[in-house]
Amino acid sequence: MKPRHHLYLDEALTAQLERLGSKPGTSKSAIVADALRAYLNRRATREVDDLLKVRLDRISTQLGRAERDSLVLLETLSLFVRYQLTVTAPLPEADKAAQAVGRERFRRFVDQVGRQLAAGRSIDTGPADQGDA
């Protein structure tokens with residue numbers, strides 16, 4: 001047995017409910033139950049949306065900072081490479097030993113970056129480790 005409820009509606013709502021409830025296959029109870037269910041579902045959705053809004057705002061702020069930081073790093077690297085290429089004279093073709101040293105230094109640099117990333121550590125900003133650089 002379903003519980004019985006006594007509701008008070010204004011005249012306009014009562015007239016609309018009477019009109020809708022008079023159609024075949026419908027009842028006033030079903031219409032009110034559907035309307036109440038829809039109202040409660042929307043209300044719960046709004047509460048969830050309010051909770052998610054705070055988290056999404058925080059994530060958006062964090063992504064904005066990460067984007068800004070990556071742009072700063074990219075610009076810094078770009079300026080360093082441009083400066084280095086501008087002030088460093090190219091090695092003569094005949095100086096194979098210097099070219100080999102350069103290639104070895106670059107290989108060690110790439111290896112060190114790979115190890116740091118694989119270990120989940122940030123790049124050390126202190127004095128260079130003489131064994132790795």
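In this chain, residues are counted from 1 in sequence order. Computation of the quantities below employed the complete heavy-atom set of this structure, encompassing side-chain atoms and omitting hydrogens, waters and symmetry-equivalent molecules.
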With clusters defined by side-chain heavy atoms of hydrophobic residues (ILVMFWY) lying less than 4.5 Å apart, directly or transitively, does L74 cluster with L79? no

Do L117 and F106 share a hydrophobic cluster, counting only Ile, Leu, Val, Met, Phe, Trp and Tyr and linking them when any side-chain heavy atoms are less than 4.5 Å apart? yes

Members besides [X] in its Ile/Leu/Val/Met/Phe/Trp/Tyr cluster (side-chain heavy atoms under 4.5 Å):
{"X": "L13", "value": "L7, L9, L17, L20, I31, V32"}
{"X": "L63", "value": "I59"}
{"X": "L40", "value": "L36, Y39"}

Could you list all the side-chain hydrogen bond (donor to acceptor under 3.5 Å, both in side chains) pairs where at least one residue sits in [range], not counting sequence neighbours?
{"range": "residues 2-22", "result": "E18-K28"}
{"range": "residues 78-95", "result": "Q84-T88"}
{"range": "residues 58-67", "result": "none"}

If you draw a 6.0 Å radius around CZ in R55, do more than 12 non-hydrogen atoms from other residues or ligands fall strictly inside? no

Can you list everything that forms a side chain to side chain contact (heavy atoms under 4.5 Å, CB included) with V81? Sequence neighbours excluded, please. L77, L85

Not counting sequence neighbours, which residues clear side chain to side chain contact (heavy atoms under 4.5 Å, CB included) with D34? List them please. R37

Excluding sequence neighbours, so at least two apart, what forms side-chain hydrogen bond (donor to acceptor under 3.5 Å, both in side chains) with K53? D57

Rounded at 0.5 Å granularity, tell me how far CD in Q99 sits from NZ in K96. 5.0 Å

